[in-house]
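Note that ligands are numbered from 1 as they come in the structure, with each ligand's atoms numbered from 1 the same way.
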Amino acid sequence: MTPTLLTNLSLAAMTADRPYGLIEDGAVAIHDGRIVYAGPGGDFEEGFDAFETRDMGGRLVTPALIDCHTHLIFAGNRAREFEMRLDGATYEEIARAGGGIVSTVSATRKVSQQELARQALPRLDAMIAEGVGTVEIKSGYGLTVEDELKMLRAAHELGRLRHVRVKTSYLAAHAVPAEYKGRADAYIDEVVLPGMEVGAEEGLIDAVDAFCEGIAFSPEQISRVFDKATALGLPVKLHAEQLSDLGGAKLAAWYGARSADHLEYLGAEGVAAMAEAGTVAVLLPGAFYTLREKQMPPVEALRAAGVPIAVATDCNPGSSPLASPLLAMNMAATLFRLTPEEALAGLTRNAARALGLGEEIGTIEAGKRAELAVWDAEHPAELVYRIGFNALSERIVA
Ligand code: DI6
Ligand code: FE
């Protein structure tokens with residue numbers, strides 16, 4: 001890309017120094033894929049002669065969006081289960097009766113890596129069309145060593161098929177597969193830990209995740225998974241306090257987790273532990289909405305403790321069939337009472353932090369990578385406020 005100077009734009013840099021990091025008459029200069037200037041526009045006669053100037057027509061420019069929690073790779077769908085839930089069955093009842101995650105596991109095991117990538121592509125494209133530049137993708141529907149690795153490889157394949165950064169999380173500790181029913185510890189020893197070792201060796205894993213819940217794994221079991229991750233030098237994160245409070249967030253914080261995710265049932269101790277460890281709280285309003293959850297995540301306590309808050313789609317076939325980061329922001333504001341600024345920070349600055357990319361992306365500042373979203377909007381709050389409307393003009397991802 002030739003050195004470029006973007007002028008005549010409204011810059012929502014998402015830096016923390018002022019609301020939205022907003023500069024109404026802004027400019028951004030890009031060289032070698034990096035931002036070399038972001039700030040007030042105006043007279044650029046000096047220093048930028050070699051730059052090609054682009055007039056952005058007054059459009060709004062934000063960091064490209066970052067979806068830091070998705071289960072984008074899976075086969076089939078669970079529309080039938082959606083009908084059952086509308087008929088009164090709960091998510092946990094369906095899971096205990098062999099539906100839920102385990103039914104997506106059967107479908108996922110049956111298909112090839114290429115087929116998994118093919119089925120995920122329309123979901124990824126929907127996200128890219130809304131300005132996503134980075135997406136985290138978890139395994140967790142294979143639950144054998146080979147099928148978990150197949151999912152991770154399919155995730156990396158998506159990163160080659162589209163101009164998007166993919167970060168992978170190894171989530172073999174997502175559910176106990178039917179063949180290990182009642183033997184969760186054996187499943188950890190025989191599948192989760194050995195699969196992690198191979199995946200790490202092949203460079204397929206950016207972080208290790210797990211599901212801490214009554215229908216999944218206990219804190220003691222999660223500890224064994226996290227000990228192995230730590231030994232392999234892999235960062236951890238956790239699905240914690242989604243349906244009940246097992247102390248998962250506190251455990252995650254103890255391991256220095258990058259994030260603890262869901263958190264509807266998070267208590268004061270968990271909040272304090274996360275604040276102390278610098279663990280990001282990833283809120284997933286799509287799952288809250290789909291499961292018609294009543295318990296709100298403790299947003300005010302997280303704020304008061306200074307815990308960074310991210311927002312993500314949790315795109316998955318069961319609890320959050322949501323491929324729209326824009327709608328996730330809207331839901332975070334309307335359902336969780338995040339301010340529009342917090343919602344947008346949740347899909348930019350704080351999402352970057354949740355993925356360990358805080359130095360590289362998530363704000364528009366000199367030194368960071370040039371990954372921008374350009375919107376036909378005047379003010380950033382518009383992105384959060386509209387429902388079912390995509391104002392994206394283009395992505396600029398160097
Ligand atoms: N919590 C969730 O909401 C997803 N996974 C998890 O641990 C649900 C995954 C699914 O229902 O397929
Ligand atoms: Fe999830």
Participant: Does a salt bridge link Glu197 with Lys228, judged by any charged N lying under 4.0 Å from a carboxylate O?
Facilitator: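 Yes, Glu197 and Lys228 are salt-bridged.
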Participant: Looking at the Fe ion (ligand 2), which N/O/S atom of His71 is the nearest one?
Facilitator: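 Closest N, O or S atom of His71 to the Fe ion (ligand 2): NE2.
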Participant: Look at the N, O or S atoms of Asp314, main chain and side chain alike, and state whether any lies under 2.8 Å from the Fe ion (ligand 2).
Facilitator: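 Of the N, O and S atoms in Asp314, at least one lies under 2.8 Å from the Fe ion (ligand 2), which means yes.
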Participant: Is a salt bridge present between Arg160 and Glu157, judged by a nitrogen-to-oxygen distance below 4.0 Å?
Facilitator: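 No.
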Participant: Give a yes or no on whether a salt bridge exists between Glu394 and Arg59, defined as a side-chain N under 4.0 angstrom from a carboxylate O.
Facilitator: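 A salt bridge is absent here (no side-chain N lies under 4.0 Å from a carboxylate O).
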Participant: Are there more than 12 heavy atoms of other residues, nucleotides or ligands under 6.0 Å from atom CZ of Arg34?
Facilitator: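 It does: Arg34 CZ has more than 12 such atoms within range.
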Participant: Where the Fe ion (ligand 2) is the centre, what is the NE2-to-NE2 angle for His239 and His69, rounded to 10°?
Facilitator: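 So the angle at the metal works out to 90°.
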Participant: Could you tell me whether Glu202 atom CD has more than 12 heavy atoms of other residues or ligands within 6.0 Å of it?
Facilitator: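 Above 12, so yes.
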Participant: Just to be sure I understand the cut-off, which residues have at least one non-hydrogen atom under 4.0 angstrom from an atom of ligand 1?
Facilitator: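 Under the 4.0 Å cut-off, ligand 1 touches His71, Arg78, Tyr91, Ile101, Tyr141, His174, Phe211, His239, Gln242, His262, Asp314, Asn316, Gly318, Ser319.
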Participant: Would Lys150 and Asp147 pass as an ion pair if we require N to O under 4.0 Å?
Facilitator: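 Yes, charged N to carboxylate O under 4.0 Å.
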Participant: Looking at CG of Leu65 and CG of Leu344, how far apart are the two atoms once the value is rounded to the nearest 0.5 Å?
Facilitator: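 Between atom CG of Leu65 and atom CG of Leu344 there are 7.0 Å.
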